Amino acid sequence: MEDVTATYYFRPRADTTPEAAAQAIVEEETTGTWTDITTTTEYVRRLDGEVLSLEASGKGFVTRVRYPAEIFEAGNIPQYLSVVAGNLFGLARLEAVRLIDVDFPESLVPFRGPKFGMEGVRRLIGTTERPHVGTIIKPKVGLNPKDTAGVAYHAAVGGVDLIKDDETLTDQTFCRLDERLSAVMERLDEAKEQTGRQVLYAVNISARADEIVERAEHAIDLGANMVMIDVITCGFTALQALAEAQSVRVPIHVHRTMHAAITRNPEHGIAMRPIARIVRMLGGDQLHTGTVSGKMSHDVDELRGDNAALTEPYFGLKPTFPVASGGLHPGKVAAELTNLGTNIVLQAGGGIHGHPDGTEAGARAMRQAVDAFMEGVSADEYAKDHYELKRALERWGNR
Ligand code: RUB
Ligand code: MG
């Protein structure tokens, strides 16, 4: 395919036929507007869009449309989004419209993608097959640097592979980034001396666009081995700037706070898949895509497809490591892995720090739940001789 194809779900207004509604999308996003215009010339017409297919789906319709590649400025993601996910969302003739997926031709993927990707991150940890276990430090704000580092240390000794800041923690006065990062890295070194295992710490460098690369470089100078950015609030080009900076030689963990305002409504907005594709193109090494069950769970089929968009072959770009997070605990591990496979990072905040015996036991319980799954044993069975898992299942149940 030389051109761009985009798939939309929509529900037209009562006075609009589905054909006219689909046509309104391609016209608004290519050469047309709400009325015929006198300024169109013959040579402009080659940039017209085209409705490729239209069929009934649920309460509305699904259409696949073609946008000529020439409309797009190669490498300019804000411009791509202004076409495939632009004014169409406000068209009054559509009651609702959702961008489900988008396919770009190779000419419009001039990006290098992740520097590390899933394999690169696995190499840093030394795994080949098993899922990674991560934790978000909780409480999400309030702890001072020393206590933050203490929580990180216990999680590392308990066996997590990744520790991350929560999205609302950046560089506030109660926990300055410099001090926190230095304290955490020091305690992770201490944990490494004990366990022999290197753990990643994704320090949240989300900030003003013109400051992000600087913050990342500063963090790397202080010993950071991973950085985290919130891609929706910071913007796609902030991620691009970060990923393309030569100086940023650590993996980038991509969080997506605010995404649900865009992705959650099954009839209106933008599904996670186009966002996942863009994050991979721009160089996110890990990306949150959601969980099968948990406090913010998703449609399983959609989620599987989103993770596939991160990991399937795509113009030679490295796969991005999908992250399942939000309300997870050891009792939910088997269901996540059964549905999503083992190329995944399972993250638990409350599900580790809420363990009745504390963070270290919580981390052990998560790892035991993963080990049980990898050995083909049920969590209940495994808990018979794994005390931390037993305690977690008693607290939260096994589903
Ligand atoms: C989860 C958490 C993350 C969300 C993001 O904490 O802090 O911000 O998982 O969700 P807990 P998503 O484990 O205590 O629920 O990954 O769906 O964007
Ligand atoms: Mg969070």
Side-chain angles (χ1 to χ4, degrees), residues 131-143 148 151-152 155 158 160-170 172 175 201-206 226-234 239 252-265 269-276 278-279 284-300 302-307 309-310 320-333 335-336 339-340 344-356 358-359 362-363 365-367 369-370 392 395-397:
H132 282 191
V133 171
T135 192
I136 312 106
I137 302 215
K138 304 273 173 178
K140 58 167 74 188
V141 290
L143 293 179
T148 302
V151 174
V160 301
D161 305 296
L162 158 73
I163 293 160
K164 67 176 276 294
D165 288 334
D166 223 326
E167 66 284 341
T168 57
L169 182 66
T170 52
Q172 294 98 316
C175 195
Y201 171 46
V203 61
N204 185 10
I205 52 137
S206 300
M226 188 178 245
V227 290
M228 161 183 158
I229 179 173
D230 248 306
V231 70
I232 310 289
T233 51
C234 291
L239 168 62
I252 301 170
H253 179 98
V254 183
H255 192 264
R256 54 171 188 162
T257 202
M258 200 167 97
H259 79 90
I262 303 165
T263 60
R264 187 176 189 180
N265 186 333
I270 305 174
M272 190 59 199
R273 198 155 319 161
I275 296 174
I278 290 172
V279 165
D285 295 286
Q286 302 192 313
L287 172 68
H288 286 239
T289 48
T291 60
V292 171
S293 73
K295 71 179 186 189
M296 300 182 280
S297 55
H298 285 258
D299 175 83
V300 183
E302 232 182 84
L303 180 48
R304 279 209 202 100
D306 302 341
N307 289 354
L310 292 181
T320 296
F321 214 163
V323 178
S325 178
L328 293 188
H329 58 71
K332 289 191 179 292
V333 164
E336 295 299 317
N339 283 292
L340 304 178
I344 194 134
V345 182
L346 295 180
Q347 265 183 200
I352 282 184
H353 312 297
H355 190 283
T359 294
M366 273 299 283
R367 281 294 306 273
V370 166
R395 165 121 207 227
W396 291 301

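Order of listing sets the numbers, starting from 1, for every ligand and every atom in it. A quick note: this is a predicted structure, and the numbers were derived from the prediction, not measured.
- With sequence neighbours excluded, no residue satisfies salt bridge (Lys or Arg N to Asp or Glu O under 4.0 Å) with Arg256.
- Within the listing of ligand 1, atoms 8 (O) sit less than 4.0 angstrom from a heavy atom of Glu167.
- Of the possible polar contacts, one joining the Gln172 side chain to the Thr170 backbone as a donor-acceptor pair under 3.5 Å is found.
- For ligand 1, the polar-atom distance check against Val323 finds no nitrogen or oxygen pair separated by under 3.5 Å.
- Using a 3.5 Å distance cut-off with no hydrogens or angles, the side chains of Thr257 and Glu167 do not pair a donor with an acceptor.
- Any N or O atom pair closer than 3.5 Å counts here, and Leu328 shares no such pair with ligand 1.
- Summary of contacts: the protein heavy atom closest to atom 9 (O) of ligand 1 is Ser325 OG, 2.6 Å.
- Looking at ligand 1, you won't find any N or O of Lys140 less than 3.5 Å from one of its N or O atoms.
- Here His329 and His355 keep their ring centres 6.0 angstrom or further from each other.
- Short contacts between ligand 1 and Asp166, defined as distances under 4.0 Å to a heavy atom of the residue, involve ligand atoms 7 (O), 8 (O).
- With hydrogens left out, the protein atom closest to atom 18 (O) of ligand 1 is Arg256 NE, 2.8 Å, a heavy atom.
- Geometrically, ligand 1 and Ala348 share no nitrogen or oxygen pair separated by less than 3.5 Å.
- Between Lys295 and ligand 1, a contact under 3.5 Å exists for at least one N or O pair.
- A 4.5 Å side-chain heavy-atom check between Thr320 and Asp285 finds every atom pair outside the cut-off.
- For the Mg ion (ligand 2), the tally of protein N/O/S atoms lying closer than 2.8 Å stands at 2.
- The backbone N or O of Ala271 sits nowhere less than 3.5 Å from a side-chain atom of Arg264 that would complete a donor-acceptor pair.
- Residues Asn204 and Ser206 have side chains that bring a donor and an acceptor to within less than 3.5 angstrom of each other.
- Scanning the protein for heavy atoms near atom 4 (C) of ligand 1, the closest one is Met296 CE, 3.5 Å.
- Of all protein heavy atoms, the one lying nearest to atom 16 (O) of ligand 1 is His288 ND1, 2.5 Å.
- Those atoms of ligand 1 with a heavy atom of Gly349 less than 4.0 angstrom away are 11 (P), 13 (O), 14 (O).
- The aromatic rings of His259 and His298 sit parallel, their planes meeting at an angle under 30°, below the 60° perpendicular limit.
- For ligand 1, the polar-atom distance check finds no N/O of Gly290 at less than 3.5 Å from any of the ligand's N/O atoms.
- Contact annotation: the side chain of Ile232 approaches that of Ile262 to within less than 4.5 Å [non-hydrogen atoms, C-beta and beyond].
- Although no hydrogens or angles enter the test, the distance criterion places no donor-acceptor pair under 3.5 Å between the side chain of Asn339 and the main chain of Val292.
- Residues forming a side-chain hydrogen bond (donor to acceptor under 3.5 Å, both in side chains) with Thr135 (at least two apart in sequence, or on another chain): His353.
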Item to check | Thr289 and Asn307: CA distance, side-chain angles, deciding distance, side chain to side chain donor-acceptor pair (under 3.5 Å) verdict | outcome: CA-CA 7 Å; Thr289 48; Asn307 289 354; 2.5 Å; yes

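- Residues passing the salt bridge (Lys or Arg N to Asp or Glu O under 4.0 Å) test with Asp230, sequence neighbours excluded: none.
- For the residue pair Ile344 and Phe321, the shortest heavy atom distance occurs at N-CE2, 3.4 Å.
- Taking every non-hydrogen atom of Gly350 and a distance limit under 4.0 Å, the qualifying atoms of ligand 1 come out as 11 (P), 13 (O), 14 (O).
- For ligand 1, the atoms lying closer than 4.0 Å to a non-hydrogen atom of Gly327 are 11 (P), 13 (O), 15 (O).
- Counting heavy atoms only, His255 comes closest to atom 8 (O) of ligand 1 of the residues His259, His255, Lys138, His329.
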